[in-house]
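To start, the structure itself, in structure tokens.
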Amino acid sequence: MHPWNLSPAQARALQLELAARVERQDRLGPLRRVAGVDVGFEDGGAVTRAAVAVLDFPALTPAAQAVARVPTTFPYVPGLLSFREGPGVLAALGQLEALPDLLLCDGQGIAHPRRLGIASHLGVLLDVPSIGVGKSRLTGWHEAVGPEKGDWVPLWDRRGGSEVIGAVLRSRRGCLPLYISIGHRVSLATAIELVLACTPRYRLPETTRQAHRLASG
DNA sequence: GCGACAG
DNA sequence: ATCTTGTCGC
């Protein structure tokens, strides 16, 4: 929303401040529209293409969409993903008539070294409920997950740790699990329920799939 | 010093 | 993320 052109060190310092503003309990209003946000790149990374796909909930039918193309200004640095993809996503969201009731982001929420992955970062800046849906692990440790859809195990801050920073969820049989974590204003239990409610058939939530096709393929 | 490391 | 065909498994 504001400081996007920072040095890695400044970015990390900002993350610590914003992380203190993350709300880990449910604070949701009526859930009518859920949005998936995703980012792709063009020209070898020079251009960031961000997309937002809004679906009616719980029908998961198309409601609105937006795509924004902005110059890429930050490199990919593990732990600082939001500083690379955030500007584009905000531009896309700004094209919508209204903000959705919930944001499902590609990447982590608080399952992050400083507890401020892209889902939490966007959620706090916009003060909108958000959930982190990562396809792989950034940090944390977990036991093996069961094979059935809906099976999940807690994601701990570290091996032998005591802080639960997310959930490793089997969203579909025979597929790799998803890394779910609180973004902002949504508890982990609710986050798991909502992700499953948005994932009727494939590994990824329908929201994310739609956003991905707009941003890439 | 070594290994790990969202998209 | 992106560059890319065929191939293995439910």
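Just so we're clear, the structure is a prediction, and the values are computed from it rather than from any experiment. Labels below follow one simple rule: chain letters A, B, ... track the order of the sequence lines, proteins then strands, and each chain is numbered from 1.
Side chains of A:E193 and A:T190: no donor on one and acceptor on the other come within 3.5 Å.
Ionic pairing of A:D38 and A:R213 is not present here: no N-O contact between side-chain nitrogen and carboxylate oxygen is shorter than 4.0 angstrom.
The residue among A:S216 and A:G174 whose nearest nucleotide of DNA chain C is located toward the 5' end is A:S216.
Note: A:W4 and A:H121 have parallel aromatic rings, judged against thresholds of 30 and 60 degrees for the angle between ring planes.
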Stepwise, does the side-chain contact (heavy atoms from CB on, under 4.5 Å) test hold for A:S181 with A:I165?
CA-CA 7 Å; A:S181 58; A:I165 59 177; over 6 Å; no
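Here A:G79 lies in heavy-atom contact (under 4.0 Å) with a base. When heavy atoms are screened at a 4.0 angstrom cut-off, A:L116 is found touching no nucleic acid atom at all. A:R173 comes within contact range of no nucleotide atom at all, as no heavy-atom separation falls under 4.0 Å. Nucleic acid contact for A:F41: sugar-phosphate only, since backbone atoms but no base atoms lie under 4.0 Å from a heavy atom of the residue.
For the pair A:R203 (side chain) and A:P177 (backbone), a donor-acceptor distance under 3.5 Å is present. Between the side chain of A:D151 and the backbone N or O of A:E148, at least one donor-acceptor pair lies under 3.5 Å.
If you walk DNA chain B from 5' to 3' and mark each nucleotide with an atom closer than 4.0 Å to a heavy atom of chain A, the marks span B:dA4 to B:dG7.
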